[in-house]
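As structure tokens, the structure follows; a few thoughts come after it.
Computation of the quantities below employed the complete heavy-atom set of this structure, encompassing side-chain atoms and omitting hydrogens, waters and symmetry-equivalent molecules.
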Protein chains: 2
Amino acid sequence: MSVDTQQAPRPRAGRTVAGRRRLRGALTRAAIDLFLERGYDTTTVDDIAAAAGVGRRTFFRYFRSKEDAIFPNHDELLVDIERRLADSDDERDPVETVCDAVRLVLDFYLRDPEVSLKRYALTRTVTSLRDKEVASVDRYQRVFTRYLRARFQAAGDPLAEMRAPIAAAAVAAAHNHVLRQWLRGDGAVDAHALADQAFATVRLAHSPATPGEPGDRTVVAVLRTSAPAPEVAERITKALARNPHDDAR
Amino acid sequence: MSVDTQQAPRPRAGRTVAGRRRLRGALTRAAIDLFLERGYDTTTVDDIAAAAGVGRRTFFRYFRSKEDAIFPNHDELLVDIERRLADSDDERDPVETVCDAVRLVLDFYLRDPEVSLKRYALTRTVTSLRDKEVASVDRYQRVFTRYLRARFQAAGDPLAEMRAPIAAAAVAAAHNHVLRQWLRGDGAVDAHALADQAFATVRLAHSPATPGEPGDRTVVAVLRTSAPAPEVAERITKALARNPHDDAR
DNA sequence: CTTGCTAGTGGCACTCCGTGCCGTTAGCAT
DNA sequence: ATGCTAACGGCACGGAGTGCCACTAGCAAG
């Protein structure tokens, strides 16, 4: 009521892009810490907003829902990914391109281990948070599927429609596996190396490769029908890899 | 107030298992139809309950949330799946076993095309419903992952930890692809045939196969390094398939 | 038949989420 | 200094989901 009530005249964070980012980050940290301390459903949005020094209404200008508070801005990451895919070299293996793109996400998590670890503890524990996480993974997966379908079709694969979503799911799963191992490993895991391995596995299984490349050679693989498929795949790759022109990571 | 207010003295549906099932089905149908007619968020839980002739409170005894109303009972399906996996023949290809298990889900949807189609229309349109759907897929995927990890490890695959979630994701994606094609195809798609094809693709990419099987032969594959991987895979499978002992679907 | 027990039901009240609305105010430009 | 703009905070409202409890249908025992 009174005009001169003395209350903190904080500057308006949202005026600049950097300001918005800062406040968003503060809210996320507050949410994560409160959820871990007091439990997810015993923490109200009011609590989070108060902890970040803003009003409840403002919270919902930064996050669509209470669950969203702990997650990175996937919308931004998604446009990065889509740009990366759109700008990609059409000569390259499409699955490799997608693997490269998903590294953007991996790197994002790796950049802030503190928050990533806490978030992981929450998504493991709280069902609704895990569901949100899974939903966001699905959005990436859809983008990958669209890209791969177009590329597979362009390459004349009659099963493009089927292979695209399967390959996209495999890439997403590989990424999730790497991230999870890293989160559990407590610093002992080299995420990038593990990613190399995981993506190589996926490419081996799902890459179409482009025909008629330079360095085209003929190899002869001798196999036993009962050999484990991964072993077969490994041997063949090794054979194919003795190809000087390809130094894919 | 008055004791003799004349109101429908419906029998209590939930006394028997069949009764519970019936009421659950009625609620699901009511929810789906109302969501399609009036839109998801302009339909309240009260509306759904009233349409099914029960109280709002009862609705929440059958479904955890408003979103859940349109979905089949995944909990029941999940125990079926887990039992199927637990009872599976350990001699068989684990990926094949999982593919077989996921057919239980596929068949479930196929059994009621009417409802499945309407549900699909909703999950395509309403974000929160799609998210729920995706979350349930993830639960199946986790079960598959656990099973595959154990089997891969038992087979001595050092990369079991990595291959399991990737293969599980591929199987789930294959299933989703088949289901989606069937839902879009308006009866023109043979879901089982498509599933055979999709699962064959997945097995080709992710099956470890067991060594030392009867009918073990040696095949020679002649390949060009630049050949598309699917083509390579196809040729090799063909070669390996000339194996009389294996009549996998 | 009567009595008691059990379990599903429905109503009530409550908390909290998410949103529309609006007055207020910081920060900027003119 | 004066307006303009856009974020902010408060308020109120509808609806989701839950705990509580009285009620009653259906069953079991006497």
Side-chain angles (χ1 to χ4, degrees), chain A residues 1-24 26-27 30-31 34-35 38-70 126-129 131-132, chain B residues 1-27 30-31 34-35 38-71 126-129 131-132:
Chain A
M1 280 296 175
S2 56
V3 178
D4 49 0
T5 312
Q6 213 69 15
Q7 44 191 3
R10 273 170 305 87
R12 304 241 163 145
R15 293 313 283 263
T16 68
V17 177
R20 266 196 81 83
R21 278 241 169 74
R22 246 206 323 282
L23 181 48
R24 205 195 136 88
L27 281 165
L34 284 174
F35 289 167
R38 314 217 294 244
Y40 175 74
D41 28 62
T42 52
T43 303
T44 70
V45 173
D46 275 301
D47 296 335
I48 303 168
V54 298
R56 162 193 165 71
R57 195 62 185 80
T58 298
F59 173 91
F60 284 108
R61 288 198 179 89
Y62 283 80
F63 300 98
R64 269 193 268 283
S65 70
K66 183 182 169 187
E67 289 105 21
D68 277 345
I70 71 158
V126 184
T127 308
S128 67
L129 293 178
D131 287 356
K132 275 284 171 187
Chain B
M1 284 293 176
S2 54
V3 178
D4 51 359
T5 312
Q6 212 67 17
Q7 42 190 3
R10 273 169 303 88
R12 307 243 160 142
R15 291 313 282 262
T16 69
V17 178
R20 267 197 81 82
R21 277 244 170 73
R22 247 207 323 283
L23 181 48
R24 193 185 206 279
L27 282 166
L34 285 173
F35 290 167
R38 297 199 239 156
Y40 176 74
D41 28 61
T42 53
T43 303
T44 70
V45 173
D46 276 300
D47 296 336
I48 302 169
V54 297
R56 161 194 167 71
R57 196 62 186 79
T58 297
F59 173 91
F60 284 108
R61 288 200 180 90
Y62 283 80
F63 300 98
R64 269 192 271 283
S65 70
K66 182 182 169 185
E67 289 106 22
D68 276 345
I70 71 158
F71 293 107
V126 184
T127 309
S128 67
L129 293 178
D131 287 356
K132 275 285 169 185

Quick one: [X] [atom1] to [N] [atom2], roughly how many Å, whole number?
X         : N       : atom1 : atom2 : answer
Asp41(A)  : dT15(C) : CG    : P     : 16 Å
Phe63(B)  : dT9(C)  : CZ    : C1'   : 16 Å
Leu129(B) : dA16(D) : CG    : P     : 13 Å
Phe60(B)  : dG15(D) : CZ    : P     : 13 Å
Arg22(A)  : dA7(D)  : CZ    : C1'   : 15 Å
Asp68(B)  : dG17(D) : CG    : C1'   : 12 Å
Tyr62(B)  : dT9(C)  : OH    : C1'   : 9 Å
Asp46(A)  : dT15(C) : CG    : P     : 13 Å

>> Checking Asp47(A) against Thr44(A): is there a side-chain donor and acceptor pair closer than 3.5 Å?
In response: yes
> Counting side-chain heavy atoms from CB outward, which of dG15(D), dT9(C), dC22(C) is closest to Arg61(A)?
Replying inline: dC22(C)
> Side-chain donor or acceptor of Arg56(B) under 3.5 Å from a matching atom on the base of dG15(D)?
Replying inline: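 Answer is no: no donor-acceptor pair is held.
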> Less than 3.5 Å between a donor and an acceptor, one on the side chain of Arg57(B) and one on the base of dG8(C), is that the case here?
Replying inline: no
> Within 45 degrees of the axis of the six-membered ring of Tyr40(A) and under 6.0 Å from its centre: does Lys66(A) put its NZ or CZ there?
Replying inline: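 Geometry flag: set, cation within 6.0 Å and 45°.
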>> Keeping Thr43(A) on the side-chain end and Gly39(A) on the backbone end, is there a donor-acceptor pair under 3.5 Å?
In response: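 Here the side-chain-to-backbone pair exists.
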>> Could you check whether any side-chain N or O of Arg56(B) sits under 3.5 Å from a backbone N or O of Ala49(B), counting only pairs where one atom can act as donor and the other as acceptor?
In response: no
> NA contact type, Thr43(A), heavy-atom cut-off 4.0 Å: base, sugar-phosphate, or nothing?
Replying inline: sugar-phosphate
> Does a nitrogen or oxygen in the side chain of Thr44(A) sit under 4.0 Å from OP1 or OP2 of dC16(C)?
Replying inline: no
